[in-house]
Structure formats: C-alpha cells, structure tokens
Amino acid sequence: MFPRLVYESFRRQTRRKLLAGVAITLGVAVATAMIAVATDIGDKINHELRTYGANLLVTPQEDTLDVEIGGVNLKPPSDGAFLNEADLPNIRGTFWHNNIVGFSPMLPVTVHLGNDADAKDVTLVGTYFNKPLKFVKEDFTTGVRITHPWWKVQCRDGSLPRAGRVEDSPTCGWPEDNSRNVLLGERLAAQLNKKPGDSIEVAGRTLTISGLLSTGSAEDDEIIAPLGLAQDILGKPGAVRRIYVSALTKPEDDFARRDPRTMTPETFERWNCSPYVQSIAYQLQGAIPHSHADQIRQVAQNEGTVLSRIKGLMLLVTLAALLASALAVSAAMATAIFERRAEVGLMKALGAGSFAVAALFFAEALLLALIGGSAGFAAGSLLAHQIGHSIFNSRISIEPVLFPVILAIAVFVTFAGSAAAIRRAVKFDPVFALRGEA
Amino acid sequence: MSTTPTAVHHSQIAARRTGPHVSMFVRMLIRAAVLRRGRAASALFAMVVAAAVATAMMNLYVDVQAKLRTEFRNYGANVVIVAKGGRPLPADALGKIESDLGAKTLAVPFSYAVARTTDGQSVIVVGTDFNRVRHLNHWWNVSHWPSPPRTSSTAPIEALVGMRAAAVVTPDRKPFDLTFQGRSIHLNPAGLLQTGAAEDSRVYLDQTEFQNWTDVSPTTIEIAINGSSADIEKQIAQLAQALPGTEVRPVRQILEGEANVLNKTRATLYAAAALIIITSALCVLATLTGWVFDRRRDFAIMKALGASERLVNGFFAAEAAALGAIGAVIGYAFGIGAAAWIGRANFHAPVVPRFSVFPYVLAGSILVALISALLPIGLLRRVQPALILRGE
C-alpha cells in the first residue's frame with residue numbers, strides 16, 4: 001500500500017512534483033558547480049599566476065657578481081662560471097617535474113654593433129624560444145614563450161599577437177631555436193632604424209631580424225638570439241649563465257622556511273614532498289651540478305597572498321551559494337507540502353496515524369531529493385565544465401567522491417526544508433482540512 | 001460605497017470617494033499580512049534572504065577588484081620613469097610625480113654607479129630612499145634596515161648589502177670601503193638584502209649619502225600606481241606630458257600578470273554572483289507564487305463582492321510591491337553586513353557599502369515580487385469565483 005501511495009502521488013501530481021524537483025535540481029546544480037569551482041580555483045589561479053613569469057632562478061654556484069645596469073653588462077663576458085646546457089633536461093627528472101611549467105636558459109653576451117665611428121656595446125642574450133627537448137623518453141618543449149608570457153613580438157606584417165598561451169598565439173615573428181634569426185628589442189630597433197626582415201651585422205655574422213620584441217624592461221635594449229648562436233659568439237659551446245624556472249608552488253609557510261640541513265630524515269621527506277618553492281629549488285640544485293637555485297622573491301612571495309585571498313573569497317561565496325540553494329529547496333518543499341493539507345485530512349480521517357503521514361511525506365521527499373540531486377549533480381558538472389572552459393580555458397575536474405556528498409546534502413536539505421511543513425501538516429485537524437478552512 | 005452626487009458638493013464627493021477607498025485598501029493590505037502571519041513572514045523571509053544575498057554579491061563584485069588590486073600592489077612598481085640618453089632626471093621629478101598622482105602613490109628614486117672594492121672588484125652601488133623602498137618592495141627580505149639619514153657627519157654611513165655582494169665586499173660583516181672615480185667612502189653594513197634577483201649583487205645607500213659621494217643623481221623612478229589598466233594608461237600619458245625628456249614605461253610583466261589574474265577572478269565571481277542571484281530569485285518566485293495561489297479564496301470573495309479586475313490586480317500587485325520593498329530594505333542591510341564580514345574575514349579590510357547597489361536590489365526585488373504575484377492571478381482570472389469558493 002505504501003509504495004502505491006508514493007507512486008500514485010507522483011503519477012497524479014506531476015506538476016507539483018515537477019516544481020519541487022526542478023527547485024532541488026537547480027539548487028543542487030548551483031551547489032555542485034560552486035563547490036567544484038571553489039575546490040579547483042586554487043589550481044586554476046596558480047596557473048594564471050604563472051603569467052608573472054619565472055619564480056625560480058638557477059645560477060652557477062661560484063658565480064661572480066653581476067655588474068649590470070639596465071640590461072647593459074659592464075663585466076667581461078667570459079668572466080665567471082657557467083652551467084652546462086646538457087644538464088637542462090634533468091629538470092624534467094626532478095620529483096616535482098609535473099609542477100614545472102617551463103624553464104629558459106639565458107646566456108648574455110656583450111657584442112659590438114656598427115662601425116668604429118658609432119660603435120656601441122649591446123647585450124645579446126641567447127635563450128630557448130620554444131625548444132623541443134627530450135628527457136629519457138619524454139618529449140617536451142620549453143623556452144621564453146612559456147616562462148615570459150608578457151614578451152610581445154611584432155612581426156613583419158606589423159600585427160601584435162594577442163596574449164595567451166603558446167598554443168594560441170601565432171608563431172609569426174618568433175625565431176626558430178636553431179636558426180640564425182634574432183629578436184631585436186624595440187628601443188634598440190628604433191635607435192638602429194631596423195624593422196622585421198632586415199639583417200643585422202653582429203660579431204662578424206649576418207643575422208636576420210625576425211621580429212621586434214617589446215617587454216617593457218631591459219630586453220627592449222637587447223638582442224635576443226637562439227642559445228646556440230650566443231654560445232657560438234662567446235666561443236663557449238654548451239654554456240648557460242642562468243636558468244629561469246617557472247613552477248607551480250604551494251604557498252610558503254613556517255615549515256617551508258626551515259633549513260633542510262637541520263631536519264630529521266622524516267621531516268626532510270615531508271618537506272621535500274611538498275611543492276614549496278624552497279623544496280623545488282633544493283631539487284633543482286640536485287638536478288643541475290654546481291648550481292645554486294633560489295626563489296625570485298618578487299614573484300614567489302606574493303603568489304601566496306594573492307592565492308589565499310582568491311581562494312578565501314571563493315570559499316565564502318560558495319557558502320553563500322549553498323545557503324541560497326538550501327533556502328530555495330526548503331521553500332519549494334514547504335510550499336509543496338502546504339498545498340496538500342486536504343489530502344492529509346483525508347488520510348487522517350481514514351485512520352492514518354501521524355507517523356504514516358510523516359513517513360509518506362519523507363519518502364516522497366527522499367525520492368525527490370535523490371532524483372533532483374542526481375539531475376542537479378549532472379547539470380552542475382556541466383555548468384562547472386562550462387565555467388572552467390570559458391573562464392580558465394581548461395577543465396574543472398569534478399571528483400566522483402563529490403557525488404555521494406552532494407546527494408547526502410540534497411537529502412538533508414530537502415528533509416530539513418520539509419520538516420517544519422510536515423510537522424504542521426501532521427498536526428492539522430482533519431475536520432478543518434476537509435471543510436476547506438485551511 | 002458611492003452616494004448620490006446631487007445634493008453634495010463636488011469636492012466632498014471626491015473626498016468621500018477616495019477617502020474610504022484608500023483606507024479600505026490599506027486595511028485590506030495590513031489585515032492580509034497580519035491574519036496570515038506565518039505565510040506572510042515566510043514570504044518576507046525568502047525576499048529578505050534573496051535581497052541580502054544579491055546585495056552581498058553585487059557589493060563584493062564591485063569592491064573585490066579594488067581589494068585585490070591593493071594585494072597586487074605588493075608585486076611592486078608597475079610604471080618606471082627613466083631619463084632619456086643617460087642624462088639624470090630633473091631634480092623636481094619626484095615632487096612633480098607626487099603632485100600629479102597624489103601623495104598616496106609610492107614613487108621611489110634610484111641612482112646607480114659602479115664602484116670598486118679594495119681588492120679591485122666591481123660592484124654596483126645604488127642610491128635610494130629606504131623609507132619609500134621598503135613600502136614599495138614588500139618582498140625584499142632584509143635582515144635589518146639602515147637607520148634614518150644620519151644627523152652628524154661623524155656617524156657611520158649605513159648600507160644595505162645584497163646577499164651575493166656581501167660575499168665580495170664584506171665577507172665578515174665588518175665595515176668596508178668602496179671607491180668611485182678616486183673618491184672613497186667608508187660604509188657600515190647595517191643589514192643583508194635577499195631578493196633572488198639582480199638586487200642581491202648590489203649595495204644600497206641612502207640617496208643623500210650616495211649623491212655626496214658620487215655626484216650622481218637619480219636616473220630611474222619606480223612607481224606603483226593603483227587602479228584599472230585604463231587609469232594607469234591615463235596616468236602614464238599624464239606623467240609623460242609632465243616630465244618631458246623622460247621615458248615613462250609600463251612594467252608589462254606586472255601589469256599583464258595582474259590584469260590576467262584579476263580578469264579570471266572577476267569572471268568567476270561574476271558567474272557565481274549570477275548563479276546565486278538567479279537561484280534566490282527563483283526561490284522568492286516559488287514561495288510568493290505559492291502564497292498568492294493559496295489565497296485564491298480571498299481573490300474569489302473579492303470578485304464575488306463586486307471588486308473590479310483592476311482593483312483585485314492592484315491589490316495583489318500593491319501587496320507584492322510592498323513585500324518586495326520591505327524585503328529589499330531589510331535584505332540590503334543584512335547584505336551589507338555580510339559583505340563587510342566577508343571583506344574583514346578575507347581581506348582584513350571591510351568592504352565599503354555601495355549605495356549605488358541599492359536601486360538595483362530594490363528594483364529587482366519589486367520586479368520579482370510583482371511577477372510572482374501576477375503570474376498566479378493571471379491563471380485565476382479565467383476561473384469563475386464560484387468554482388473556487390466551492391472548493392474545486
């Protein structure tokens with residue numbers, strides 16, 4: 001009899017059930033989408049913060065002082081120590097290689113430009129643009145197009161590529177990594193009166209300017225060339241001066257700042273297995289012989305605050321969303337039950353106890369919550385996917401474990417929302433209900 | 001309620017006609033709310049919650065950008081002014097910048113020279129204003145900032161020494177000498193500086209001391225401008241006009257990083273706000289529709305007693321509008337409170353109440369209330385009052 005009552009109630013009151021079901025679906029969808037976004041926003045913003053560029057710098061251990069003002073190096077170029085280019089792919093072999101978004105080696109060389117009359121010293125920096133590399137069996141590409149996303153190259157047809165990922169931006173203007181093409185800083189280009197496509201005489205070599213580089217800092221006065229070319233000019237094959245590494249890190253805390261040399265093996269294990277900027281630096285030093293790795297504090301130190309602010313904000317907004325959807329569900333349930341007083345009166349007049357009536361309503365609520373919750377979870381996943389795709393251009397992952405949690409929340413909220421209305425309905429005097437004096 | 005107009009003065013008729021009508025109308029409104037306290041209260045509650053959530057979200061959406069921008073200023077300068085062609089900047093440049101951008105803008109002068117240590121190594125010495133630079137570059141890890149400019153000429157001159165420079169100039173942290181174009185200076189290392197970038201290989205001095213020693217005046221001023229990209233662009237143009245002979249450059253790394261992260265956050269918040277506001281509006285719609293639908297007996301009785309369609313519609317519309325307005329006012333107050341709390345909890349600074357949000361909340365609340373009242377009325381209008389009263 002009981003299942004039949006529930007079944008008939010759904011069959012005969014399709015409109016009302018649909019209304020309550022829609023409310024639950026909507027509430028659950030919003031809650032699912034917001035929870036998914038809030039749990040994933042940290043990762044997403046961490047990725048976006050990589051637009052600030054590298055947060056780690058690897059230098060030779062016995063490096064002499066940089067004597068560089070505004071991009072002009074005042075030190076004899078062959079001075080000091082170098083890192084070995086052949087060690088670079090090892091960066092992919094560190095424990096946190098999945099967190100390393102990219103890296104770019106740099107080799108500045110001072111070169112003479114022009115004839116004796118108006119000769120001038122200019123810095124030529126050798127680097128990777130988007131260089132294919134191989135570590136053991138894994139192929140990957142890296143270079144300044146990943147680690148320095150704010151570098152803009154103006155190519156021959158004068159158009160500026162739009163900001164964004166490497167895959168999105170056109171390759172126009174960027175030199176090939178093994179070519180003799182270079183980028184010319186825009187201020188230097190204005191001084192020399194050169195444009196893309198022209199050739200330039202550097203250290204006895206004729207190089208082609210493939211594009212003009214605009215960065216808003218020292219590079220605007222420099223020549224950026226493929227690394228091999230810079231090594232060739234310097235006469236030191238395989239030499240690299242410093243490596244910029246862009247890595248996804250966990251915000252620094254007190255534990256992160258501890259000195260790994262004073263840790264016990266277990267603490268060290270824990271420290272080394274957290275993607276702190278310090279532990280990644282420590283591993284980079286291990287991967288590249290005779291190197292010293294340190295965080296670039298301007299970039300690394302501020303990430304934590306920005307990240308925690310945005311995460312905190314989304315968490316609070318998610319709470320607001322949960323509250324709003326819980327209220328929507330409760331309101332819909334309360335209305336649905338309130339409208340059925342006559343039915344309650346009839347059941348009670350026929351001898352149903354308060355328990356039987358309450359059980360019927362709760363069973364209906366449970367069914368509605370399960371159906372609406374499942375539909376809402378699906379819709380919410382779709383919504384989260386849409387938000388991730390349109391805002392962050394990447395997938396927002398939804399943990400399957402969220403499904404039972406969401407269903408449980410849906411059932412709880414539906415029960416909580418119906419409880420007051422059911423109590424009132426059960427207490428109602430059947431005589432008044434049947435007389436229509438509700 | 002109408003009387004025969006023949007004997008009575010014209011104005012009295014008008015007074016009588018409107019008088020009882022208005023008072024009756026208001027009485028009906030009040031009695032409807034008082035007699036069915038429970039349902040009216042739950043409808044009002046839904047209205048208040050929806051208005052509060054909407055207010056909080058809109059307030060946050062407007063204010064969070066300003067809050068986040070302040071956080072982003074921790075990344076340091078976003079505009080750099082450099083002298084063209086190696087000449088020093090005009091002496092009044094800093095004053096001009098501050099008068100142009102307001103005293104709250106942080107502008108820090110820098111001057112550079114290459115000095116030699118006693119054993120002949122080159123090191124870059126930078127003159128700056130420590131007081132300003134420590135507010136601009138929060139990420140500088142400094143063991144001890146040099147004390148304010150000395151008052152007597154016998155006191156030692158304090159310097160801030162970069163981590164890597166320290167290994168060269170003062171490996172034992174003792175006072176050291178530097179020479180620049182034959183003139184030497186005796187410096188006391190006050191503290192060590194660590195940034196992980198070029199600053200680590202430099203020695204920092206107070207600008208006055210630096211200028212007394214080297215005669216080099218500032219060539220670079222770094223500025224942190226707070227505002228949207230359009231604001232910053234405008235101020236860059238303004239600065240370029242005020243300081244001819246200099247080059248005003250935006251620091252693209254900082255500007256683009258900020259714009260990117262801010263845009264993504266704003267878009268996410270926008271999506272969240274839209275979802276939440278739609279959900280709460282639908283919640284109100286469901287509750288109010290149920291409430292009005294429940295009162296089909298009132299509707300039928302009013303019609304049976306001869307009330308015109310306009311009067312009945314007006315009654316329910318007025319009721320809904322009043323509910324919307326009251327809900328909006330109370331909800332606005334709660335929403336401001338919620339936004340302030342979120343601001344305090346997350347940004348350690350309260351979100352400023354935006355009164356510009358109020359008209360939107362009010363209009364939205366009344367609109368939703370009106371829709372939810374007139375929707376069921378539209379359905380009921382087609383039904384004969386007798387059918388409703390008979391309980392069918």
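Residue numbers start from 1 in every chain, and the chains themselves are labelled A, B, ... in the order their sequence lines are given, proteins ahead of strands. Heavy atoms only: backbone and side chains are in, while hydrogens, waters and symmetry mates are out.
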Just verifying a value: how many Å separate [X] [atom1] and [Y] [atom2], rounded to the nearest 0.5 Å?
{"X": "Thr195(B)", "Y": "Arg297(A)", "atom1": "OG1", "atom2": "CZ", "value": "8.5 Å"}
{"X": "Leu57(A)", "Y": "Asp200(B)", "atom1": "CG", "atom2": "CG", "value": "9.0 Å"}
{"X": "Thr265(B)", "Y": "Ile310(A)", "atom1": "OG1", "atom2": "CD1", "value": "3.5 Å"}
{"X": "Asn263(B)", "Y": "Ile391(A)", "atom1": "CG", "atom2": "CD1", "value": "10.5 Å"}
{"X": "Glu258(B)", "Y": "Leu49(A)", "atom1": "CD", "atom2": "CG", "value": "11.5 Å"}

For Phe72(B), what residues pass the ring-ring contact (aromatic ring centres under 6.0 Å, His included) criterion, not counting sequence neighbours? none

Hey, is the main chain of [Y] close enough, under 3.5 Å, to the side chain of [X] for a donor-acceptor pair?
{"X": "Asn346(B)", "Y": "Arg309(A)", "answer": "yes"}
{"X": "Gln253(B)", "Y": "Tyr52(A)", "answer": "yes"}
{"X": "Gln298(A)", "Y": "Tyr75(B)", "answer": "yes"}

Pair Glu256(B), Lys152(A) - check salt bridge (charged side-chain N to carboxylate O under 4.0 Å, His left out), show working. CA-CA 11 Å; Glu256(B) 289 191 7; Lys152(A) 295 281 175 296; 3.1 Å; yes

Heavy-atom pairs under 4.5 Å with chain A are the metric here; pick the option from [options] that has the most.
{"options": "Val168(B), Val82(B), Val261(B)", "result": "Val261(B)"}
{"options": "Val126(B), Asn141(B), Thr289(B), Leu60(B)", "result": "Asn141(B)"}
{"options": "Val53(B), Thr220(B), Val284(B), Thr279(B)", "result": "Thr279(B)"}

To check you understand the geometry: which heavy-atom pair defines the closest contact between Ala197(B) and Ile296(A), and what is its length? CB-CG2, 4.5 Å

If one checks every heavy atom of Ile342(B) against chain A at 4.5 Å, the contacting part turns out to be both

Heavy-atom proximity to chain A below 4.5 Å, by part of Gln121(B): neither

Taking every non-hydrogen pair under 4.5 Å, which of [options] racks up the most with chain B?
{"options": "Leu313(A), Leu315(A), Asp220(A)", "value": "Leu313(A)"}
{"options": "Thr318(A), Leu319(A), Leu316(A)", "value": "Leu316(A)"}
{"options": "Arg187(A), Met34(A), Met314(A)", "value": "Arg187(A)"}
{"options": "Thr215(A), Val22(A), Leu323(A)", "value": "Thr215(A)"}

Mind checking whether Thr59(A) and Arg164(B) have side chains closer than 4.5 Å, heavy atoms only? yes

Which residues from residues 266-278 of chain B are near chain A, with near meaning under 4.5 Å between non-hydrogen atoms? Ala267(B), Thr268(B), Leu269(B), Ala271(B), Ala272(B), Leu275(B), Ile276(B)

Is it the backbone or the side chain of Ala23(A) that comes under 4.5 Å from a heavy atom of chain B, or both, or neither? neither

Ser214(A) side chain to Arg252(B) side chain, donor-acceptor N/O pair below 3.5 angstrom: yes

When you check the side-chain N and O atoms of Asp294(A) and Gln194(B), is any donor under 3.5 Å from an acceptor? yes

